[in-house]
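Per chain, numbering begins at 1; letters A, B, ... match sequence-line order.
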There are 2 protein chains.
Amino acid sequence: MARTKNTVTIDDVARLAGVAKGTVSRVLNNYGDTSAKTRDRILQAVERLGYQPSSAARKLKRGRVDTLGIVLPAGDGEHADPFLSEFLDGIAQALDLSDRDLLVTTAHSDEHAVAVHDRLIRSRKVDGFIVTRTQGDDPRIELLLQRGFPFVAHGRTRNTGFAWYDVDNERAFLEAVRHVAALGHRRIGFLGGPTRMNFAIQRRAGYRKGLEEAGIAHDPALESTCELSESSGAEAARTLLRLDEPPTALVCVTDTVAIGAMGAIRALGLAIGRDVTVIGYDGLPVGAYIDPPLTTFSQSAHAAGARAARMLIDVIEGVDPLERQELVPADLVKRSSDGPPQKTPQELKESLAK
Amino acid sequence: MARTKNTVTIDDVARLAGVAKGTVSRVLNNYGDTSAKTRDRILQAVERLGYQPSSAARKLKRGRVDTLGIVLPAGDGEHADPFLSEFLDGIAQALDLSDRDLLVTTAHSDEHAVAVHDRLIRSRKVDGFIVTRTQGDDPRIELLLQRGFPFVAHGRTRNTGFAWYDVDNERAFLEAVRHVAALGHRRIGFLGGPTRMNFAIQRRAGYRKGLEEAGIAHDPALESTCELSESSGAEAARTLLRLDEPPTALVCVTDTVAIGAMGAIRALGLAIGRDVTVIGYDGLPVGAYIDPPLTTFSQSAHAAGARAARMLIDVIEGVDPLERQELVPADLVKRSSDGPPQKTPQELKESLAK
DNA sequence: TTGTAAGCGTTATCAC
DNA sequence: GTGATAACGCTTACAA
């Protein structure tokens with residue numbers, strides 16, 4: 001079996017420094033009760049041998065692995081979620097500052113996700129979890145709560161007795177509707193996400209509140225649901241545009257969905273931003289480079305990941321989870337996929353009939 | 001400190017089953033020398049208590065953690081690499097099948113990357129590494145080779161005495177040039193990647209070979225270099241199009257760069273696929289949804305990740321790394337960003353002057 | 001077939 | 001201040 005040669009242990013350091021290994025340990029863990037002289041000698045030996053404590057041995061004693069875990073939804077090999085990759089990157093960078101690592105796993109279903117969390121808890125491979133894409137009733141969170149295992153959720157659930165970091169989804173979508181209504185739109189469609197996702201529910205609530213605020217009657221036909229992929233967004237957009245009274249604006253649950261919708265709109269021969277306004281959500285970089293650049297709401301996935309990681313570390317170190325709950329606003333990034341309606345819904349319908 | 005209550009250990013299982021813990025261990029590790037009766041009793045106890053061996057304790061004894069590591073380039077919070085996220089997803093899924101996990105870290109520079117690998121090796125947190133985005137001379141690979149630590153590279157380097165999985169970059173770019181030359185283009189630009197990256201060198205070599213095969217003289221002015229981001233691709237495209245004799249086709253080192261280039265072309269008032277042909281590389285999903293859909297070469301990042309993970313497991317289990325070297329072809333995905341040149345370079349120049 | 005006990009590399013509790 | 005030494009939870013000779 002391939003093995004590393006000459007692993008250097010605390011005994012090697014102790015021998016080289018001419019002390020007991022207990023002393024080495026105390027120096028390395030800053031007990032501060034060692035004489036400056038032996039301290040230096042030990043530090044030198046550590047340096048010379050390139051000694052690093054074995055995480056396994058340390059864990060065995062301490063009960064801590066300095067590793068956080070995250071269980072991602074398994075992609076199908078076609079739709080890696082750009083939000084998650086930025087989020088991950090944020091976590092990893094925050095962790096780097098605190099000398100901890102991140103264990104990444106995937107799960108292909110809710111039950112599988114629960115099982116994976118369970119396995120990781122029991123095999124004690126992580127000190128805590130970051131849970132993403134929370135659902136209204138989230139079985140992962142139930143498990144974690146019941147086990148008393150540290151975690152931070154990105155997104156809330158019905159139950160909120162834990163640490164979470166969330167974007168004010170409702171407010172963002174209220175503002176999105178307010179924005180397009182101010183542009184003059186009255187037929188405003190909503191391309192929503194799966195309603196088991198809590199953020200999807202919140203965004204839908206914001207959409208409805210926005211309509212109410214604008215004095216527009218809520219038309220269920222304009223409110224659709226799709227998976228978080230481009231193809232699904234395209235399909236949902238086609239469906240809404242086929243209505244007798246099609247929407248002149250589409251508010252989309254994510255940028256990915258919006259990009260799919262844009263593809264569909266274009267395929268129907270319509271001009272985005274003129275015939276049909278599209279608003280996304282996420283602020284993905286790619287949105288700035290497509291045609292026309294996508295107007296969207298931005299939450300920094302990177303910042304969210306970093307902050308969630310930091311919060312989790314606090315919780316692991318004993319901070320009351322209830323003191324780590326943060327709601328942050330998303331900002332409108334005005335680009336060019338929105339504009340005043342150039343056609344009435346009827347005219348839109350006619351131009352589609354051709 | 002937040003801790004899990006009542007962790008169940010092998011002793012608990014042994015007690016409940018009324019046997020010695022050694023016996024429990026043997027059953028769990030399939031020594032097959034235990035009587036069916038006690039075996040059942042033990043398995044039942046394991047089931048009832050929900051016992052999972054502590055990874056730390058197991059590691060201490062076995063010298064194996066069943067965890068693979070990957071050190072990603074730290075994004076700047078703006079440009080998460082979609083290729084890497086799909087690649088990660090592929091790894092994670094392959095690992096799930098073998099009950100192993102993935103440790104993800106980031107590094108913000110070459111030296112930092114080496115340091116992180118080193119720390120992970122020494123603290124024995126992983127059994128092996130997957131190295132991505134290899135460079136011609138790769139300090140990470142030097143380190144790993146010197147330490148005799150198991151790894152698989154995604155991409156080759158100058159030295160090839162290790163396990164790797166790579167796409168035939170050179171061939172793909174030769175074919176890209178062949179393709180646009182067949183369409184009638186003679187001024188073919190290249191938006192290359194940083195030449196410290198080995199794949200960037202290979203792709204450039206393919207570009208040059210393609211020119212040669214097509215009987216087109218190599219013009220250094222048409223060969224540029226950029227970072228792997230949209231903005232950098234946009235800038236490089238602008239530079240080439242400002243030449244006195246601008247290219248009518250742009251072969252790009254990645255889809256991300258191509259998308260940036262498309263933005264720049266459009267901003268100059270030119271039609272993609274008619275005035276300027278653009279060819280990408282990676283086959284990112286988003287390429288199908290932008291306008292016009294991007295013609296590209298596709299390698300499945302997901303499959304690559306999964307395969308690399310599997311290869312690494314083999315190497316860790318003792319397979320000779322030299323028996324795990326695989327070169328796979330990339331396939332042309334014909335979409336709509338390419339076409340016969342509608343203008344000569346001179347005409348292109350003139351239309352730009354306006 | 002099963003029990004006993006030695007260690008894996010740490011940290012922590014004692015004495016000295 | 002520092003050195004022994006006992007855990008931590010597991011695997012694996014070796015005995016029985």
(message) Taking A:Arg100 first and then A:Glu317, would you say they form a salt bridge - that is, a charged N and a carboxylate O separated by under 4.0 Å?
(response) yes

(request) Quick one: list whatever passes side chain to side chain donor-acceptor pair (under 3.5 Å) with A:Asp101, sequence neighbours left out. (result) B:Arg119, B:Lys125

When the side chains of residues 20-27 of chain B are checked against the rest of the protein, which donor-acceptor pairs come out under 3.5 Å, sequence neighbours left out?
residue, atom, partner, partner atom, Å
B:Ser25, OG, B:Asn29, ND2, 3.4
B:Arg26, NE, B:Gly22, O, 3.2

(request) Go through DNA chain D in 5' to 3' direction and return only the first and the last nucleotide with some atom under 4.0 Å of chain A's heavy atoms. (result) D:dG1 to D:dG9

(message) My understanding is that only residues two or more places apart in sequence, or in another chain, count here; which of them pass ring-ring contact (aromatic ring centres under 6.0 Å, His included) with B:Phe87?
(response) B:Phe83, B:His154

(request) Just jot down the side chain to side chain donor-acceptor pair (under 3.5 Å) partners of A:Thr160, sequence neighbours excluded, or say none. (result) none

(request) Could you point out which residue of A:Leu143, A:Ile130, A:Leu144, A:Leu68 forms a side chain to side chain contact (heavy atoms under 4.5 Å, CB included) with A:Phe151? (result) A:Leu144

(request) Could you list the residues that satisfy side chain to side chain donor-acceptor pair (under 3.5 Å) with A:Arg39, not counting sequence neighbours? (result) none

(request) Specify the residue among B:Lys61 and B:Gly18 whose closest nucleotide of DNA chain C lies further upstream toward the 5′ end. (result) B:Gly18

(request) Scan side-chain atoms only and decide if A:Asp118 and B:Gln52 contain a donor-acceptor pair under the 3.5 Å cut-off. (result) no

(request) Could you tell me from which nucleotide to which nucleotide of DNA chain C, 5' to 3', there is an atom under 4.0 Å from chain A heavy atoms? (result) C:dG9 to C:dA12

(message) Could you work out how much the helix from C:dT1-D:dA16 to C:dC16-D:dG1 bends, comparing the axis of its first five pairs with that of its last five, to 10°?
(response) 50°

(message) Assess whether a salt bridge exists between A:Arg64 and A:Asp127, defined as any Lys/Arg side-chain N lying under 4.0 Å from an Asp/Glu carboxylate O.
(response) no

(request) Determine the sole option in A:Thr7, A:Leu28, A:Leu16, A:Asp12 for which the side chain to side chain contact (heavy atoms under 4.5 Å, CB included) test with A:Tyr51 is passed. (result) A:Leu28

(message) I'd like to check B:Trp164 versus B:Val131 (side-chain heavy atoms, cut-off strictly below 4.5 Å). Are they in contact?
(response) no

(message) I'd like to know whether A:His108 forms a side chain to side chain donor-acceptor pair (under 3.5 Å) with B:Gln93, so could you lay out the CA-CA distance, the side-chain angles of the two residues, the decisive distance to 0.1 Å, and finally the verdict.
(response) CA-CA 9 Å; A:His108 46 69; B:Gln93 275 183 254; over 6 Å; no

(message) Heavy atoms within less than 4.0 Å of DNA chain C: which residues of residues 46-58 of chain A have one? Give them sorted by number.
(response) A:Tyr51, A:Gln52, A:Pro53, A:Ser54, A:Ala57, A:Arg58

(message) Which residues pass the salt bridge (charged side-chain N to carboxylate O under 4.0 Å, His left out) test with A:Asp137, not counting sequence neighbours?
(response) A:Arg158

(request) Not counting sequence neighbours, which residues clear side chain to side chain contact (heavy atoms under 4.5 Å, CB included) with B:Ala57? List them please. (result) A:Leu60, B:Ser54

(request) For DNA chain D, find the residues of residues 21-30 of chain A with a heavy-atom distance under 4.0 Å and give them by number; none if there aren't any. (result) A:Thr23, A:Arg26

(message) Checking B:Asp96 against A:His112 for the side chain to side chain contact (heavy atoms under 4.5 Å, CB included) test, could you report, in this order, the C-alpha distance in whole Å, the side-chain angles of both residues, the deciding distance, and whether it holds?
(response) CA-CA 11 Å; B:Asp96 186 48; A:His112 188 202; 3.1 Å; yes

